[in-house]
Amino acid sequence: MAKPIFQRPKGTADLLPQQTEQWQHVEGIARLLFGDYGFKEIRTPHFENFDVFSRSAGDTSDVVTKEMYDFYDKGDRHMALRPEGTAGIVRAYVENKLYGPEFDKPYKAFYIGPMFRYERPQAGRFRQFHQIGAEAFGAVSPALDVEIIAMAVDFFKTLGLKNLKVAINTLGDKTSRDAYRQALIDYLKPHFDELSHDSQERLEKNPLRVLDSKDPKDQIFVADAPSILDYLTPESQNHWQRVQELLTALDLDFEVDTSMVRGLDYYNDTIFEIMTADESLKGSATIAGGGRYSGLVEQFGGPETPGVGFGIGVERLIGLLEAQHVTFKNDNDLDFYVVNIGDDTDTIATQIVQAIRSYGYMAERDYLARSPKAQFKSADRGHAKFVVTIGEQELANHSAKLKNMLTGQQLDVKLADLYTDLPTIITTEAEEE
RNA sequence: GCGGUAGUGGUGAAGUGGUUAACACACUGGUUUGUGGAUCCAGCAUGCGAGGGUUCGAUCCCCUUCUACCGCCCCA
């Protein structure tokens, strides 16, 4: 028995034709739909200078501290495989001066591609995974936040997903968040000893993280913790208000979840997640996450430019589609199968399949000199609509047999007609049924 | 990074410290030697993730390792 010598790297997957069809379908819809919203595709490198990610994501974020897939190249440059899409897009935005006056604002871009995170694989979590994301730069309007959310929801609905939940929250602007952060620390400090070990650490580094702790010990305190909503500056309050009004105006259901926090440090004001209410995918229920950010473009050397965006996890999305049995029909059935009998018919069989394909039909043949029976079985497995049979006799007569696999009827066809008039032959054949 | 469960053919799987590793599906061939989806017959793991060890003997026991899955952390 053959044993494979190599295995694919941990946490990666081979996508086989059975899967790639679904992937292409999903990606195709994204391209089409995002285009309707005025988003154009940007493709950036799959790896960047390490600092592109470490600076944008925040030095304390887990993505940077332990999940970065980084390496030193032969020129001793510290590089990293992109863990998410936004940083690369922002880098490209600045480097290509897309903030220039010749471009409309907001500048809208989307991306589709692999992302890498060095972590322990599980269902719905891989070392190489894929995201479909969108970013819009250069407008602070809450209408843009809402458009981004609406576009993601539109995308999922177009794919046929059900049971979606949109959760939104605001992180406020920097002033709001600093005030809130302090309030949170003041509130939690007295209970320090009663918090979970993880949360004790979070309190120092990123107190907001305590809010979405799953530990019951923490949740007791989280329930009565101060809310960010009470610390918003008037501007942030306004923005937050307006986002909700606009979502409501679009009849888009949402839930406010004030305990929601995002993993990357650059977010402010609106943040959101789209998840499934299905029980089936517990660990990977969140299929999209995003929000508004500011300061990123400046950090990369560009002019002060706000941005909003989201990232969708393709593996999780497709997992959900499967769980919900959302199917899409893909016609892979063969139009023709060419059965050839005897060594002398190999050449003519080659000519016939090519001729059939030149009409745009899907055609297949046998390459293994198998018995007619075996070839018919292949035809059947490919759900061929017609079988063209050519043997010594037919070859001598310059003809072939054409069998309708549905009706089982078979007739003789002149080879000349087959080459020149195939579509007519099969439509006539169909009408005779 | 931590904790746990698992790993038998193309697939789903049964199984035991000891001569030929069930069964099913799939596949291949045959069943009037040129025709499909049915039936019947036959074939199909020198091997039980990999590497060591214990043993007269291991797929079954022990160790290591790899991978997958689950939980934590975190996230898409």
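- Under the Watson-Crick or G-U wobble criterion, with both distances below 3.5 Å, B:G37 has no partner in any strand shown.
- Taking atom P on both nucleotides, B:G29 is separated from B:A22 by 24 Å, rounded to a whole Å.
- Here the rule is ring pair (Phe, Tyr, Trp, His ring centres under 6.0 Å) with A:Phe137, and of A:Phe300, A:Tyr93, A:Tyr107 only A:Tyr93 fits it.
- Going from the C1' atom of B:G10 to that of B:G47 covers 15 Å, rounded to whole Å.
- OP1 or OP2 of B:C74 has not a single side-chain nitrogen or oxygen of A:Arg209 nearer than 4.0 Å.
- As the counterpart of B:G43, B:C27 is assigned, both hydrogen-bonding distances of the Watson-Crick or G-U wobble pattern falling under 3.5 Å.
- For the residue pair A:Arg365 / A:Ser378, no side-chain donor-acceptor distance below 3.5 Å is found, with atom types taken as modelled.
- Taking atom P on both B:U28 and B:A38, the two are 13 Å apart, rounded to the nearest angstrom.
- Of all nucleotides listed (B:G29, B:C75, B:G34), B:G29 comes nearest to the side chain of A:Ala374.
- The six-membered or imidazole ring of A:Phe110 lies away from that of A:Phe39, with a centre-to-centre distance of 6.0 Å or more.
- For A:Tyr118 and A:Phe126, each mapped to the nucleotide of RNA chain B holding its nearest heavy atom, the one lying further toward the 5' end belongs to A:Tyr118.
- Nearest to the side chain of A:Arg316, among B:U35, B:C75, B:A68, sits B:C75.
- The closest side-chain heavy-atom distance from A:Trp240 to A:Asp269 is not below 4.5 Å.
- Atom-to-atom, CG of A:Leu402 to P of B:G36 comes out at 17 Å; the value is rounded to the nearest Å.
- Looking at the side chain of A:Gln131, the nearest of the listed nucleotides B:C27, B:G34, B:A76 is B:A76.
- Atom name P, nucleotides B:A6 and B:C63: the rounded distance is 13 Å, in whole Å.
- Rounded to whole angstrom, the span from the NZ atom of A:Lys373 across to the P atom of B:C40 amounts to 14 Å.
- Pairing for B:U67 is with B:A6, a Watson-Crick or G-U wobble pair whose two hydrogen-bonding atom distances lie under 3.5 Å.
- Between the P atom of B:G34 and the CD1 atom of A:Ile348 lies a distance of 20 Å, rounded to the nearest Å.
- A close approach under 4.0 Å does occur between a side-chain nitrogen or oxygen of A:Arg381 and OP1 or OP2 of B:U28.
- Contact of A:Gln410 with B:U35 (side chain to base): a donor-acceptor pair of N or O atoms is detected under 3.5 Å.
- Below 30°, between 30° and 60°, or above 60°: for A:Phe310 and A:Phe34 the angle between ring planes is above 60°, a perpendicular geometry.
- Separating the NZ atom of A:Lys401 from the P atom of B:G34 is a distance of 13 Å, rounded to the nearest angstrom.
- With a cut-off of 3.5 Å on both pairing distances, the Watson-Crick or G-U wobble partner of B:C72 is B:G1.
- The nucleotide whose nearest atom lies closest to any side-chain atom of A:Arg125 is, among B:U28, B:A76, B:G36, B:A76.
- Residues A:Ile29 and A:Phe155 meet the side-chain proximity criterion, which asks for heavy atoms closer than 4.5 Å.
- Here the options are A:Phe50, A:Phe47, A:Phe53, the test is ring pair (Phe, Tyr, Trp, His ring centres under 6.0 Å), and the partner is A:His78; only A:Phe50 passes.
- Distances were taken from every side-chain heavy atom of A:Glu67 (C-beta onward) to each of B:G29, B:C74, B:G36; the shortest belongs to B:C74.
- Considering only side-chain N and O atoms, A:Gln7 lies nowhere under 4.0 angstrom from the phosphate OP1 or OP2 of B:G49.
- Heavy-atom minimum distance, A:Ala167 versus A:Asp257: CB-CB, 4.3 Å.
- With rounding to whole Å, A:Tyr267 atom OH is found 11 Å from B:A76 atom C1'.
- If you take CD of A:Glu119 and P of B:C72, they are 14 Å apart, rounded to a whole angstrom.
- At a threshold of 4.0 angstrom between heavy atoms, the contacts of A:Gly133 with the nucleic acid are absent.
- In B:G47 the base sits syn relative to the sugar, since the glycosidic angle is no further than 90° from 0.
- Atoms CD and CG, on A:Glu394 and A:Asn397 in that order, are 7.0 Å from each other to the nearest 0.5 Å.
- Among B:A68, B:G71, B:U35, the nucleotide with an atom closest to any side-chain atom of A:Gln122 is B:G71.
- Looking at heavy-atom distances under 4.0 Å, A:Glu394 makes contact with a base.
- Here A:Glu392 lies in heavy-atom contact (under 4.0 Å) with a base.
- Taking atom CZ of A:Arg117 as the reference point, atom C1' of B:A76 lies 6 Å away to the nearest angstrom.
- Of the candidate nucleotides B:C73, B:G1, B:G37, B:G37 has the atom nearest to the side chain of A:Lys377.
- A:Arg370 has its CZ atom 14 Å from the P atom of B:G36, to the nearest Å.
- Annotation: of the two residues near RNA chain B, A:Lys10 and A:Asp380, the 5′-most nearest-nucleotide partner is A:Asp380.
- Nucleotide B:U55: unpaired (no Watson-Crick or G-U wobble partner with both distances less than 3.5 Å).
- Here A:Gly290 lies out of heavy-atom contact (under 4.0 Å) with every strand.
- In the interface, the side chain of A:Arg120 is paired with the base of B:G3 through a donor and an acceptor atom under 3.5 Å apart.
- Counting any heavy atom pair closer than 4.0 Å across all strands shown, A:Ile341 reaches a base atom.
- For the P atoms, the distance linking B:C75 with B:U67 amounts to 25 Å, nearest Å.
- Annotation: B:G4 and B:U16 have their C1' atoms spaced 27 Å apart (nearest Å).
- On the P atoms, B:U20 is 12 Å away from B:U59, given to the nearest whole Å.
- Taking atom C1' on both nucleotides, B:G51 is separated from B:A42 by 39 Å, rounded to a whole Å.
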